[in-house]
Structures are given as structure tokens and as C-alpha cells.
Amino acid sequence: MVKITKPAQAGTVESNDIMVTVAPAESGSGIVVELTSPVIKKYGKQICAVIEKTAKDCGIQDALVNANDKGALDCTIEARVKTAIARACAGEAK
Amino acid sequence: MLNKAGREIPSVIPGLGEVKLYNGAFGTIPTGRMVGPKIALNKPRSEKLVKSIDQVIDAAGLKDGMTISFHHHFRNGDYVLNMVMEAIARKGIKDLTLAPSSLSNVHEAIIPYMDEGVITAVETSGARGKLGKYFTEGRLKKPVIIRSHGGRARAIECGELKIDVAFIGAPACDTYGNINGISGKSACGSMGYAIVDAEHADKVVAITDNLVPHPLFPISIPQTNVDFIVEVDSIGDPKGIASGALRISKDPRELKIAEYAAAVIEYSGQFKEGYSAQLGSGGASLAVAQFMKEKMIAEGITGSFGVGGITTPFVNMLEEGLFKMMYDVQDFDIPSIESIRKNANHIEMSASYYANPHNRGPIVNNLDFVILSATEVDVNFNVNVITDSNGVMMGASGGHCDTAAGAGVSIVVAPLLRGRLPMVLDKVQTIVTPGETVDVIVTERGVAVNPNRKDLIDNLKCANLPLMNIEDLQKIAYDLAGKPEDIPVTDEIVGVVEYRDGTIIDVIRKPV
């Protein structure tokens, strides 16, 4: 299990990108995603699912994720989430 | 009931009553006669000049419940519609139907008059921004009626859209009401949409910032159609009326699409001496014009006529003798306005001549090619240009379905993805142009030909194009973006989309 120790961010608000901010959350709170997106009606569920899955695959159990999406594809979302998590966990002994 | 485009449309729509359902592109045979305006007497040396908009509203006899019209040649630079609506609202007139040829963002200033009940119904080609949102929220008493440019001319000429008072912004107007669009500080070029209003409205009011002595020439709208004239300081912002010369795109994706579209034209079997074309004003369309020009010069082909929506690339081809002439219903940039002023073979036409399906034959019937853009297309080749990915009105029908139905080869150009959104869907949100009239869909990843056009499929085989089934094209998009969910909508109908023949091809339901 990996623990998020500090807030961190990855991505931009350019078209086709997503800005992902991850922050520590209380143990047991799970991965809470706050999403804003121009395609939320058509892809909101899928974006949230990709964020959650990516976070869990990184070993995160509890996190507050704020995602400001600008129409990113899943591969982009995954990359931004991984990077944000890596930054949020930096310095923590593995 | 299901219409012939496969859409579920109630036969009675609240606010509009019973409607005719779309029955195929030429499946509805019109009956009846064209209508005309009230007969009038204007004695010799009578005075048409009225001091103010306030006074002309009284003189025209505008009352509660009437229908008023405007034209959109001033585009986002228009002052006339807002100016007139403000005066009407001041007088306390209510329950009007607003029937402009289209609406631009600048017209969001009239939203308060809709809240106050001054305007309770709207019939237009389209709406964007706050107006589109307002209509989609269902805040008007009646659903908005969306008509194509040809469909609007038809509705006026057959009496379905009866205009009580037409307000016409006149870049040049003489003291007895002859009007043209080519001179003055607010010149807009062609007056094509307003010509139909002027011929059929019961009262016609010219509003001008360029009153000249009688007689004005050339004449676009004659004195025989005009009841009153009002002089004002300014009818429009020249910067909003026309842009500088529209430039060819540098976007590599648009260029790729344009290259494919030009190849479709070249190998279609109809690219030959005397061919005709309408090109849109979007980035890819303008680039197509450039590629076509190169091919025409290389192969020694000249065209017979062009149609528009005129833009600089087309004007250049006219002036270089690559097209014999040009029919013009509206101008988009300053060189086009200059061209209609100086080139005798650049001819103004009315919206009816352009695209009305129920006259003796509009010019779209003679078109060989049209290039059209799209917000979305679907695997049945249907095209949406009116609602966005959230189901909100944000575009305009324009001449889309008119030219698609008329042209020998109708080509729709669109990127395969916009942001994350696939442009080839199972079902478009709203059908404006039925798939039976769309022949080729061109994206940067592939080109799909309507299976009904076996001739084109054969001809394009040697064009070295990435030809594929529309389903395969869609699969590429869905593999990249995922399958989009449907937009949940309520049962409330906030807009109806008329096909050019007056039947209902689709409705816009209020999103949840």
C-alpha cells in the first residue's frame, strides 16, 4: 500500500489534457473523485472509473482526486493520475 | 410516430399543434399556392420617411401577437434587431413571434424581452451561446422552429411563415425605398435572405444609416416592396459584419481532410469542364478551395458557377476566370463584398432562388458538388449541425440540408474526434440533414461513401483514398475515445427541426 502524504498535481488545462490534483484523505474514505469536464454527460462515468482504477493500480486506497478535464483520452488520464500520485508520494520510503 | 429518418416524433406538438412528419427528401408533394403581401396604395410624391423607430412601429401597425422578421447579413455586427426590439418592448407590445433568418451571439441582448413576454415564439435558422441555451431550457412559450435557408424561403412563400412586419437593415437606401447592400459604411454585400421577406411581408420597414437621394442603383430590394424608411446613426459594426480576407487553414488535420475532400471531387466522375460547386466557410472547406484551384489549373478545367456563402478563395477563382460566375446569398469577408460590387458575373440571389425546394427549381438543384461541415454524423450518414454534445442548441441549419439534397455529390468534412468526442456516432443527437442526401463523409482517418452511391464507390477506388465503411470509421473513433453514453433528455420538446419541405425531421428535447 502506498500512502499519499501531500497534495500534488499533474497535467494542464489545454484541450485534450486533464489537470489532476491528488490530496491525502482519511483512512477508509476510499478514492473520491471530483470531476469537471465538457464531456461529463457522455464520458463522466468512464473518466471517473479510469481515475479510480489507475489510483488503485498504484496501490492507493484513500485519496481525494480533483480532475479538471478538457477532453483527454483514457491514456492521457492514466498518465496524469500516475504522475500526480508519484509526486504526492515522493519522499515516502517505499 | 416514427418518421422516415427513424425519429420518434409526436404528431401533435404542444405549442405547435399537428405537424407533418418527414417522409424522405422528396417524399412530400406540396399543394396550394404561393401567397403575397397585402395590396397597398402609395400615392405619387407620398412620404416614406419616418422620424424614428418608435414612430415606424406605430405606422406599420405592429400589435400583440404579430410576427416580425429580420435578416442576418450583418452577422455578429448587427445593431438592427436589438434596436428594434428595444423600441417594441418600450411600447409594451407582447406575444410576438420573432422570425429572423438567423441569430448571432450579439442578439442575446433580447433575452430580457423573452422573459417579459414581448417575444414568445422564435423561428430561426439557428442560435448560439446564451440564446441557444435559453431556447434549450424551454423558457419560451412555444418550441423554437429551426428552418434551413431554403426551408424558410419556402415557409414564407407558401404562407406557413406569415410576416406582418419585416425590418430590413439597409446599407444603402434611397428616399423612396430602393435598397442595396453594397455601399455605405455598413455594406454587407448580398441581401439574399431579406429579398424574400421584402416580397412577402405585409409591411416592410427599411432601417438605414446611409440615406441617399432617389434613385439608388443597383437595386437589390425595390421601392415597390418598401413601405417605410427610418434613418439611424448606425445599423451595424463593420468589424462584426465582415472579417478580413478569410485565410487558408494551417492546421495539419484540416489540411489532411481538405486534401481527401479535394481528391473525392477529382475522382468522383463529375469533375469536368463546366462543373459547379458550393464550398463552405469553415477551415477545411476553404482549404478544399485551394486544392481545387490547383487541380483545375493543372487539368485545364473551368467551372460554370459557384454558390455561397461567398469567401475570398472563391472570389479569387472567379477573378482568375476559373469559374464563369457566382451566385451569392450572403458574404463573409470584405473581398467578397468588394467583388459583388465590382464584378458583373458575381450575382446576388434571393434565399428562394438559392434553395427553396417548392419553387420551379432553386440553384442548389444544379450543383455538382457541395462541401459541408458537421457537428456530428452517424453510421446512417445523418448530420447534426444544431446541437452540441450536451444536447444544447449551438449552431445553425443554414443551407446544409438544402445543398445536400440538391448537389450531385454532397461531401461532409469533419475531424474524427473533437477533443474526446467521436464525430461518427450510432445516432446523432439531432438530425438536420438526412443521410439519404449525404454521399461522402471525409475525416482525417478515413473516407466513407454512402452505400447507396455505388457509382462513387467505384469511381473513388482509384483515388488512393483511405476508403472504408462508415462502421469501420466509427470503430476507430470509439477505440480511441470509448463509446459515449446517451445524453439523458426529458419529454419536453423545446425545438423542432423542419426539413426544407416543412416536414419535421427531428425534435430537440430538453436535456435532464
Side-chain angles (χ1 to χ4, degrees), chain A residues 8-22 30-58 60 63-87, chain B residues 128-129 132-133 136-137 249-254 283 375-378 384 387-395 414-430 443-445 474-490 494 508-512:
Chain A
Q9 188 174 291
T12 71
V13 288
E14 298 292 319
S15 288
N16 289 34
D17 201 350
I18 183 169
M19 187 184 270
V20 176
T21 312
V22 297
I31 292 160
V32 181
V33 181
E34 286 172 0
L35 174 68
T36 51
S37 170
V39 298
I40 199 159
K41 284 188 181 171
K42 290 195 165 184
Y43 289 104
K45 282 182 201 153
Q46 188 168 341
I47 295 169
C48 290
V50 170
I51 292 172
E52 260 191 74
K53 183 176 184 306
T54 309
K56 283 185 177 152
D57 288 352
C58 292
I60 303 292
L64 182 61
V65 183
N66 183 291
N68 185 1
D69 172 57
K70 298 290 175 189
L73 297 175
D74 287 350
C75 51
T76 312
I77 297 169
E78 213 176 294
R80 295 308 191 194
V81 171
K82 279 183 183 166
T83 307
I85 287 172
R87 287 172 182 163
Chain B
R128 301 179 168 80
K133 224 174 142 215
T136 310
E137 286 166 359
S249 175
K250 287 198 172 75
D251 177 344
R253 186 166 68 165
E254 282 187 343
T375 308
E376 299 167 341
V377 301
D378 67 27
N384 173 19
T387 48
D388 68 10
S389 62
N390 294 314
V392 178
M393 285 181 226
M394 48 55 71
L416 190 60
L417 294 178
R418 276 198 184 91
R420 184 179 184 141
L421 297 166
M423 293 296 115
V424 184
L425 304 168
D426 295 332
K427 277 172 86 177
V428 289
Q429 183 68 20
T430 312
T443 73
E444 76 280 19
R445 302 246 182 182
Q474 183 194 36
K475 189 172 181 302
I476 297 176
Y478 279 23
D479 283 350
L480 285 165
K483 184 177 158 62
E485 287 177 56
D486 288 339
I487 296 164
V489 292
T490 62
V494 294
I508 300 168
R509 293 187 171 88
K510 184 179 169 178
V512 176

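Each chain gets a letter, A, B and so on, in the order the sequences are listed, and its residues count up from 1.
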Heavy-atom count around B/D486 CG within 6.0 Å, excluding the residue itself: above 12?
no

Identify which part of A/K70 has an atom lying under 4.5 Å from any heavy atom of chain B, answering side chain, backbone, both or neither.
neither

Do NZ/NE/NH1/NH2 and the carboxylate oxygens of B/E485 and A/K41 come within less than 4.0 Å?
no

Is there a salt bridge (charged side-chain N to carboxylate O under 4.0 Å, His left out) between B/R420 and A/D69 once you walk through the steps?
CA-CA 10 Å; B/R420 184 179 184 141; A/D69 172 57; 5.9 Å; no

For A/E14, does the CD atom have more than 12 heavy-atom neighbours from other residues, nucleotides or ligands under 6.0 Å away?
no

Nearest heavy-atom neighbours spanning B/S389 and A/P38:
OG-O, 4.3 Å

Please report the closest heavy-atom contact between B/A481 and A/Y43, naming both atoms and the distance.
O-CE2, 3.1 Å

Smallest heavy-atom separation, B/L480 atom then A/L73 atom, equals O-CD2, 3.5 Å

Non-hydrogen atoms of A/K42 and B/I487 that approach each other most closely:
CE-CD1, 3.8 Å

Answer yes or no: does atom CZ of B/R445 have more than 12 heavy-atom neighbours from other residues, nucleotides or ligands under 6.0 Å?
no

Proximal component of A/N16, with respect to chain B [non-hydrogen, under 4.5 Å]:
side chain

Of the backbone (N, CA, C, O) and the side chain (C-beta and beyond), which part of A/I18 lies under 4.5 Å from a heavy atom of chain B, both, or neither?
neither

